[in-house]
Every structure is written in structure tokens, then in C-alpha cells.
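Heads up: the structure comes next, in C-alpha cells.
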There are 2 protein chains.
Amino acid sequence: MAHKSYPGTMTSTPADDWLRLDRQICFSLNAASRAFNGVYRVVLKDLGLTYPQYLVMLVLWEDGDQPVKKLGERLRLDSGTLSPLLKRLEAAGLVHRERSARDERSVEVRLTGDGAALRERAAEVPRRIAAATGCDLDEISALRDRLDRLTGALDAAIAAETATR
Amino acid sequence: MAHKSYPGTMTSTPADDWLRLDRQICFSLNAASRAFNGVYRVVLKDLGLTYPQYLVMLVLWEDGDQPVKKLGERLRLDSGTLSPLLKRLEAAGLVHRERSARDERSVEVRLTGDGAALRERAAEVPRRIAAATGCDLDEISALRDRLDRLTGALDAAIAAETATR
DNA sequence: GGCCATTTAGTTGTGCACAACTTAATTGTG
DNA sequence: CACAATTAAGTTGTGCACAACTAAATGGCC
């Protein structure tokens with residue numbers, strides 16, 4: 001097959017180039033995402049949190065109590081993901097959920113004492129993650145920017161795609 | 001930006017810097033990964049494949065029939081993920097699984113006629129994905145390299161972590 | 001040759017992501 | 001006011017990732 005190493009005798013078609021490059025980028029992003037997840041899994045084990053649960057706690061620590069809707073916007077997650085996740089956080093005693101009095105459709109997510117206190121123990125997490133990446137702050141920052149641009153482009157592409165069909 | 005806006009009255013501690021930066025990188029990678037997944041979901045819908053199933057088919061198209069073990073090494077997936085996935089691909093008539101005669105522990109995964117034929121219809125996928133990223137080939141290539149380095153560092157960190165405890 | 005460690009798939013259970021749907025509350029419009 | 005459209009959570013079902021385990025085959029070693 002005309003892959004792996006292109007012998008000089010055979011010119012690689014553009015289609016082949018696309019296929020190879022694409023495979024690499026999708027493999028790479030997938031692998032990086034899962035590797036990141038693995039590091040978080042190890043580091044967060046002591047806290048009894050999963051990676052997505054940690055993201056939710058980060059938002060609550062940073063921005064304070066808020067309705068499920070806002071959490072979902074911040075994390076780009078819908079209620080189908082957040083509802084059971086929050087139920088587990090509540091079972092762990094880290095958050096409390098209560099219907100809003102003003103708008104009974106909305107559910108307010110509040111940190112419990114334990115949930116707020118966990119922030120102290122989570123303080124070392126970022127440093128350990130950053131150390132695991134082996135990157136300095138500038139590298140991390142640059143990568144973050146690139147990923148955000150990529151996400152923006154991909155979201156726009158999805159919007160265009162779904163709009164036209 | 002110096003991270004959102006720290007009111008001038010409060011000096012940000014180093015711990016805060018780490019926390020904010022980390023939050024950004026973990027948010028960004030998570031979001032990018034899910035956005036990528038979303039684009040693949042749309043593009044692969046016509047083929048009746050999920051993104052992980054597509055990755056498996058890519059490997060089979062590229063490297064030919066092979067045992068589950070090899071597929072797992074290539075994709076960094078274990079049998080707990082691959083077994084049910086391959087069962088679904090078999091149910092869809094794209095692959096066939098058979099115990100190896102030489103080594104009865106091993107299961108050989110083979111493309112069916114339909115599975116091999118699907119490659120033609122998948123030919124346009126990479127171009128559509130690349131278009132959605134809005135990146136040129138050099139950008140994609142650079143990002144891929146960076147992600148691969150990151151994955152390597154993270155894997156090494158996990159290995160070190162699990163070895164010392 | 002017999003036995004034990006290793007290897008390969010598969011199974012089970014937990015948790016996340018997402019689509020499609022339901023329920024209930026609110027909002028907008030005639 | 002009445003009623004349709006919208007909004008917020010939740011539920012259900014499918015599929016993936018991974019840990020922990022089981023089952024069966026293989027290989028090494030005495």
C-alpha cells in the first residue's frame with residue numbers, strides 16, 4: 001500500500017496527504033486529552049473527585065453559588081451531563097441543590113462547608129498538573145490560546161453545518 | 001491579559017496564578033477535545049461511525065488486519081474499550097473477529113468487504129475536518145507535534161507517579 | 001512433564017458526553 | 001386572560017474510557 005514511507009517512484013496523492021495528516025491530528029488530540037485525564041485522575045484521587053467534578057468545583061470556588069444553567073454555559077455541558085454529576089457531588093456532601101424561589105424552573109447549586117473547605121486541599125493540584133506537563137507558563141499559555149482558537153473554529157463549523165441541513 | 005481583572009487592591013498570590021492558568025489550560029483542552037468530537041460526530045454520521053470507531057477503521061485501512069492487542073497499542077485503548085466497540089463494528093458488518101489459530105488467546109480483526117469498501121466513502125472526511133479547523137497544514141502539523149510532546153510528558157509523569165506509590 | 005507466571009480477551013461496574021425526550025415553570029402575544 | 005412558545009432540569013438510552021476482575025491459552029523453569 002502507498003502509505004508509511006513514500007518511495008520516490010510513487011507520488012502521493014493530495015488525498016493521501018490529507019488522510020495521513022488528519023489521522024495524526026485526531027490521534028494526537030485524542031491521546032493528549034486522555035493523557036491529561038489520566039494525570040488528573042491520579043492527582044484528584046485523594047480528593048475523591050473526578051476531572052469533570054473538579055471543573056465544576058473550580059467554577060463554584062471561583063464564581064460562587066449559581067444555577068445549573070450558568071454552570072453549563074461555563075463548562076459547555078448540558079443538563080444531561082450535569083444533573084447526575086451534581087447529584088453525585090451532593091451525595092458526597094460537597095454541594096447542595098435547591099429550587100430557586102424566584103424562578104422555580106431553576107436549581108441553585110451551592111457549596112456546602114465541606115465543599116468550600118475542599119478548596120484548601122485542592123490548592124496543590126494545579127502545580128502538580130503543570131509540573132506533569134513539563135511546560136513553562138508561556139508554553140501553556142500559548143497552547144491554551146491555540147486550543148481556544150481551534151475550539152472557536154470548530155464550533156463555528158458545526159453551527160454552519162447544522163444550519164445548512 | 002493579566003487574567004480577567006484583578007482589582008488593584010489585591011495582589012495575586014503565586015498560588016492564584018497557578019490556579020487560574022491551570023484552570024484555563026484544562027478548560028481549553030477539554031473544550032477543544034469535545035469540539036473536535038462534535039465535528040467528527042456530524043461528519044461521520046453519514047458513514048454510521050462514531051469517532052472512536054472511525055479511528056479503528058483508519059488503523060485497519062492503513063495497517064491491515066491485525067489482532068486486538070495491536071489495535072490497542074496503536075490507539076492506546078485496552079480490551080475493556082475495544083471489545084464492545086469491535087462487537088458493534090462486527091454487528092454493523094464492517095469487521096469480522098476470529099480466534100487466531102496460532103495463538104488461541106489472540107483474536108484477529110479483519111475487514112469485511114463492506115468494511116474495506118467504506119474507505120472510499122470516508123475519503124472526504126479528512127478534508128472536511130481540516131476545513132472545519134480553519135488551520136492550514138503547517139498549523140495542524142505544529143499543533144500535532146506540541147500535543148504529542150505533551151502526551152509524552154504526561155505519560156511519563158503518570159508512570160513516575162504510579163511507580164513511587 | 002508439571003506447575004506457575006504471563007499474556008490476551010472479555011466482563012462488570014462507574015462515570016462522562018450527548019441526543020432525544022419529558023415535565024414544569026415562565027414569558028410573550030393576541 | 002388564555003394559550004402557544006420558550007426555558008430549565010431532569011430522564012432515558014447509547015457509546016466511550018477505565019479500573020478491577022475472570023477465563024483461557026501460552027511460555028518458562030525446575
Side-chain angles (χ1 to χ4, degrees), chain A residues 26 29-42 44-45 48-57 66-92 95 97-109 155 158 162, chain B residues 26 29-42 44-45 48-56 66-73 75-92 95 97-109 155 158 162:
Chain A
C26 66
L29 190 82
N30 205 258
S33 177
R34 300 215 321 276
F36 235 101
N37 222 300
V39 174
Y40 272 106
R41 196 190 326 281
V42 172
L44 293 175
K45 198 173 187 179
L49 291 176
T50 67
Y51 179 33
Q53 288 167 8
Y54 172 69
L55 295 184
V56 168
M57 295 301 288
Q66 56 194 288
V68 174
K69 181 65 160 59
K70 264 198 169 179
L71 270 178
E73 285 169 0
R74 196 85 159 79
L75 297 170
R76 298 163 159 271
L77 292 172
D78 65 11
S79 66
T81 299
L82 281 177
S83 287
L85 189 156
L86 291 170
K87 196 183 285 185
R88 282 184 286 270
L89 284 181
E90 187 169 42
V95 306
R97 287 183 302 164
E98 197 172 2
R99 286 277 162 191
S100 164
R102 280 190 308 114
D103 185 343
E104 294 250 339
R105 291 171 304 181
S106 179
V107 166
E108 200 76 16
V109 181
D155 282 350
I158 282 190
T162 54
Chain B
C26 66
L29 190 80
N30 204 259
S33 177
R34 299 216 320 278
F36 235 102
N37 222 298
V39 173
Y40 271 106
R41 195 191 327 280
V42 172
L44 292 174
K45 197 172 186 178
L49 291 176
T50 66
Y51 179 32
Q53 287 168 8
Y54 172 70
L55 296 184
V56 168
Q66 57 195 286
V68 174
K69 181 67 159 68
K70 264 198 170 181
L71 270 178
E73 285 169 1
L75 298 169
R76 298 163 159 273
L77 292 172
D78 66 9
S79 65
T81 300
L82 281 176
S83 287
L85 189 156
L86 290 169
K87 196 183 284 185
R88 281 185 285 269
L89 283 181
E90 188 170 41
V95 306
R97 287 184 302 164
E98 196 171 3
R99 287 277 161 189
S100 163
R102 279 189 310 113
D103 185 344
E104 293 252 338
R105 292 171 304 182
S106 178
V107 166
E108 200 75 18
V109 181
D155 281 349
I158 283 190
T162 54

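- The aromatic rings of B:Tyr40 and B:Tyr51 lie parallel to each other, their planes meeting at an angle below 30°, with 60° marking the opposite boundary.
- As rounded to whole Å, 17 Å separates atom P of C:dT14 from atom CG of A:Leu89.
- One interatomic measurement links the two molecules: CG of B:Asp78 to C1' of D:dA17, which rounds to 8 Å at whole-angstrom precision.
- With sequence neighbours excluded, no residue forms a side-chain hydrogen bond (donor to acceptor under 3.5 Å, both in side chains) with A:Ser79.
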Is there any protein nitrogen or oxygen under 3.5 Å from a nitrogen or oxygen in nucleotides 7-11 of chain D, and what are the pairs?
from	atom 1	to	atom 2	distance (Å)
D:dT7	O2	A:Arg105	NH1	3.4
D:dA8	OP2	A:Lys69	NZ	3.4
D:dA9	OP1	A:Val68	N	3.2
D:dA9	OP1	A:Lys69	N	3.2
D:dA9	OP1	A:Ser106	OG	3.2
D:dA9	OP1	A:Val107	N	3.3
D:dA9	OP2	A:Lys69	N	2.7
D:dG10	OP1	A:Arg97	NH1	3.2
D:dG10	OP2	A:Ser83	OG	2.9
D:dG10	N7	A:Ser79	OG	2.5
D:dT11	OP2	A:Lys87	NZ	3.3

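- Between the C1' atom of D:dA19 and the OH atom of A:Tyr40 lies a distance of 21 Å, rounded to the nearest Å.
- Look at CD1 on B:Ile158: it is 13 Å from C1' on D:dA17, rounded to the nearest Å.
- In terms of the side chain to side chain contact (heavy atoms under 4.5 Å, CB included) criterion, residue partners of B:Arg76 (sequence neighbours excluded) are, by chain and number, A:Ala31, A:Arg34, B:Thr151, B:Asp155.
- To the nearest angstrom, C1' of D:dA17 lies 16 Å from CG of A:Leu44.
- A:Glu73 meets the side-chain hydrogen bond (donor to acceptor under 3.5 Å, both in side chains) test with A:Lys69; sequence neighbours excluded.
- With sequence neighbours left out, B:Asp103 forms a salt bridge (Lys or Arg N to Asp or Glu O under 4.0 Å) with B:Arg105.
- Note: CG (A:Asn30) to P (D:dG15) measures 18 Å, nearest angstrom.
- Along DNA chain D, the nucleotide nearest to B:Glu104 and the one nearest to B:Leu85 differ in position, and the one closer to the 5' end is contacted by B:Leu85.
- When the P atom of D:dA17 is taken as reference, atom CD of A:Gln53 falls 19 Å away, rounded to whole Å.
- With sequence neighbours left out, the side chain to side chain contact (heavy atoms under 4.5 Å, CB included) criterion links A:Arg97 to A:Leu86, A:Lys87, A:Glu90, A:Val107, A:Val109.
- As a whole-Å value, the separation of B:Phe36 CZ from C:dA17 C1' is 17 Å.
- Nearer the 5' end of DNA chain C, as judged by each residue's closest nucleotide, is the contact made by A:Thr50, out of A:Thr50 and A:Ala101.
- Legend: residues meeting salt bridge (Lys or Arg N to Asp or Glu O under 4.0 Å) with A:Glu104, ordered by chain and number and at least two apart, are absent.
- Mapped onto DNA chain C by nearest heavy atom, A:Arg102 and B:Arg34 fall at different nucleotides, with B:Arg34 at the one closer to the 5' end.
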Between the protein and nucleotides 2-4 of chain D, list every N/O to N/O distance that falls short of 3.5 Å.
none

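- For the salt bridge (Lys or Arg N to Asp or Glu O under 4.0 Å) test, no residue two or more places apart in sequence or in another chain qualifies with B:Arg41.
- The two residues B:Leu29 and A:Ala32 come nearest to each other via the heavy atoms CD2-O, 4.0 Å.
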